[in-house]
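Below, all heavy atoms of this structure are taken into account, side chains as well, without hydrogens, waters or symmetry copies.
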Amino acid sequence: MDDSSKRLLQRLVRRIPAQTLRTTLEKWGRLTAAQQRSMDFTEPKWALTEKLLAICEENGFTAKHITELEMTNVIDNPNQGMWYAFQLMDPEDDANSVELTQFKEQFKSHLRELVRPVSVKIKKHTDEAVWIRIAWGDSFSRPNHLKPTYVVHHLQTPYVFVTSLTSKQKPLLSQALVLSARYRAIKDANLSGRKLTAIRDLLMRKYQQVFPTMYPSPLGERNQVDSNPHIEKEQAEPAANRLQMACEAFGDGTLPQLQSVVYKLETKFRDHTNKTMTEREESFSCVVKFASTNLLESLRHCASSGIASTPVTPLLSSILQKGRNYFVITDNGSGPSTQTRQPQN
């Protein structure tokens with residue numbers, strides 16, 4: 001192996017938890033049964049790394065084989081970076097008939113026409129998601145396998161999820177995706193998070209929704225808690241109504257685990273006692289960010305318990321209704337973001 005492949009393997013083994021390394025190597029499928037048995041997984045990480053390096057040298061593995069191992073680990077553990085969602089727009093007539101082989105061939109072809117050199121590896125996961133690993137190079141350097149971009153796309157849907165993409169690489173990836181998926185445009189979905197499954201479920205509506213009803217009692221019965229004898233009877237109905245409205249806004253059951261939502265305010269300053277600020281032509285701007293380990297669950301609890309007022313403001317319920325966690329609020333109200341955020345490394 002060359003030095004870059006060795007560095008990639010060393011960094012990869014350091015990142016994989018010791019308790020899952022054996023399973024990851026088995027899924028990789030590149031080691032013989034004897035080589036697998038020769039590894040003592042109770043040894044320190046540095047010893048395991050040296051042993052695995054020696055085996056890979058013996059087998060004549062290249063960067064191609066090591067990136068396969070990395071891809072196996074990332075697919076099994078996708079919540080290790082910040083994911084950004086994008087939406088393909090204006091499908092062509094044959095967009096719904098694009099199948100995996102056609103998509104793979106066209107994506108690789110289009111991307112290699114746009115940038116050389118580049119290394120592309122595509123794999124279909126068991127949940128039908130297409131995983132793409134891209135190592136970018138340029139006219140003066142080989143593909144950098146230490147800083148790859150990962151892309152996840154479910155064929156026959158307009159949604160794409162990307163991590164570790166720079167602003168320079170974004171237009172290249174966008175063009176290759178649009179052409180190979182048979183769409184005409186792609187836009188930022190203004191949704192991001194560290195849990196890939198959460199932002200995917202949010203966009204694809206894979207959570208239990210609740211719709212408005214005049215009779216909230218059935219929902220209340222499903223969510224009963226131990227009664228407090230000191231709570232007076234007349235408080236029961238408002239509590240049931242709060243619970244119903246909270247679930248109508250945020251859904252019932254398990255919710256996608258978003259970590260944050262950002263609201264950017266852009267409006268004119270209005271205060272007749274402060275002419276300096278009021279007469280400014282520039283908009284008054286500020287940013288408000290809510291953060292939690294499970295933001296939607298926290299908001300639902302605040303509404304159902306009475307900490308936050310109900311009915312829930314559209315600014316909060318729009319997180320699920322619009323499948324976004326980045327909003328720009330202007331003098332005309334809350335609308336689509338007028339700015340495009342650049343994914344961060």
Side-chain angles (χ1 to χ4, degrees), residues 4-5 7-8 11-12 15 63-64 66-71 73-75 77-90 98 100 103-125 129-155 157-196 199-200 203 262 324-326 337-345:
S4 62
S5 298
R7 288 198 301 272
L8 179 60
R11 190 178 72 165
L12 182 57
R15 288 182 172 182
K64 172 188 174 183
I66 307 306
T67 56
E68 288 176 358
L69 176 60
E70 182 200 81
M71 203 167 185
N73 177 59
V74 172
I75 291 174
N77 304 277
N79 303 328
Q80 297 179 351
M82 182 62 74
W83 290 90
Y84 295 85
F86 295 86
Q87 184 172 355
L88 295 161
M89 306 292 292
D90 302 326
V98 175
L100 179 61
F103 177 83
K104 287 173 63 175
E105 291 176 353
Q106 293 197 3
F107 182 84
K108 290 180 179 180
S109 174
H110 290 310
L111 192 60
R112 285 167 179 162
E113 287 178 1
L114 296 170
V115 56
R116 283 181 180 274
V118 65
S119 174
V120 182
K121 190 176 294 294
I122 300 178
K123 182 177 181 180
K124 192 173 185 180
H125 191 37
V130 177
W131 282 75
I132 307 171
R133 182 190 189 275
I134 306 170
W136 303 88
D138 55 39
S139 303
F140 308 101
S141 63
R142 295 185 299 174
N144 185 357
H145 287 288
L146 295 175
K147 294 183 178 180
T149 294
Y150 274 89
V151 182
V152 180
H153 174 50
H154 289 257
L155 295 179
T157 78
Y159 304 117
V160 179
F161 308 95
V162 184
T163 188
S164 301
L165 183 70
T166 67
S167 57
K168 180 180 179 181
Q169 298 158 355
K170 182 179 176 181
L172 304 173
L173 174 63
S174 298
Q175 186 171 340
L177 283 169
V178 165
L179 293 172
S180 54
R182 310 299 294 168
Y183 284 76
R184 295 183 178 87
I186 188 170
K187 71 173 184 178
D188 189 340
N190 292 305
L191 177 64
S192 62
R194 292 193 172 275
K195 291 186 178 291
L196 174 62
I199 62 175
R200 180 203 64 193
L203 277 182
V262 175
R324 295 166 53 188
N325 62 350
Y326 181 82
S337 171
T338 57
Q339 299 180 0
T340 300
R341 295 171 301 151
Q342 298 293 348
Q344 302 296 313
N345 286 322

If you apply the rule side-chain contact (heavy atoms from CB on, under 4.5 Å), what do you find for Leu146 with Leu8, and how did you get there? CA-CA 6 Å; Leu146 295 175; Leu8 179 60; 4.0 Å; yes
Would you say the side chain of Lys121 lies within less than 4.5 Å of the side chain of Pro148, judging by non-hydrogen atoms? no
Kindly indicate whether the side chain of Phe107, heavy atoms from C-beta on, has any atom under 4.5 Å from the side chain of Leu177. yes
Do the side chain of Ser192 and the main chain of Trp83 share a donor and acceptor less than 3.5 angstrom apart? no
Which pair of non-hydrogen atoms, one from Leu88 and one from Thr157, has the smallest distance, and what is that distance? CD1-O, 4.4 Å
Give a yes or no on whether Arg112 atom CZ has more than 12 heavy-atom contacts from other residues, nucleotides or ligands under 6.0 Å away. yes
Contact between Lys124 and Phe103 at the side-chain level, heavy atoms closer than 4.5 Å - yes or no? no
Nearest heavy-atom pair of Val178 and Arg184: which atoms, and what distance? CG1-C, 3.6 Å
Taking Asn79 for the side chain and Leu196 for the main chain, is one N or O donor matched with an acceptor at less than 3.5 Å? yes
I'd like to check Gln175 versus His110 (side-chain heavy atoms, cut-off strictly below 4.5 Å). Are they in contact? no
Minimum heavy-atom separation for Arg142 and Pro117, please, with both atom names. CA-CG, 4.1 Å
Got Gln80 and Asn73 here, is their nearest side-chain heavy-atom distance under 4.5 Å? yes
When rounded to the nearest 0.5 Å, the distance separating CG of Leu165 from OG of Ser174 is 7.5 Å
How many angstroms lie between OG1 in Thr149 and CG in Leu172, if you round to the nearest 0.5 Å? 10.5 Å
Would you confirm whether Arg133, through its side chain, and His145, through its main-chain N or O, come within 3.5 Å as a donor-acceptor pair? yes
First locate atom OG1 of Thr163, then atom CZ of Arg194, and finally report the distance between them rounded to the nearest 0.5 Å. 8.5 Å
Heavy-atom closest contact (Leu203 atom, Ala85 atom, distance): CD1-CB, 3.7 Å
Could you grab the distance from atom CG of Asp90 to atom NZ of Lys187, nearest 0.5 Å is fine? 10.0 Å
May I ask you to check whether Tyr183 and Gln87 show a side-chain donor-acceptor distance below 3.5 Å? no
Ser180 side chain vs Ala176 backbone, donor-acceptor pair below 3.5 Å: yes
Kindly indicate whether the side chain of Ser167, heavy atoms from C-beta on, has any atom under 4.5 Å from the side chain of Lys170. no
Identify the residue among Leu191, Asp188, Asn190 that makes a side-chain contact (heavy atoms from CB on, under 4.5 Å) with Tyr326. Asn190
Got a donor-acceptor contact below 3.5 angstrom from the His153 side chain to the Trp131 backbone? no
Over all atoms of both residues, closest heavy-atom pair of Ile75 and Pro78: O-CD, 3.7 Å
Beyond-backbone contact of Met71 with Tyr150, side-chain heavy atoms, under 4.5 angstrom: yes
In Å and rounded to the nearest 0.5 Å, what is the CG to CD1 distance from Leu111 to Ile134? 5.5 Å
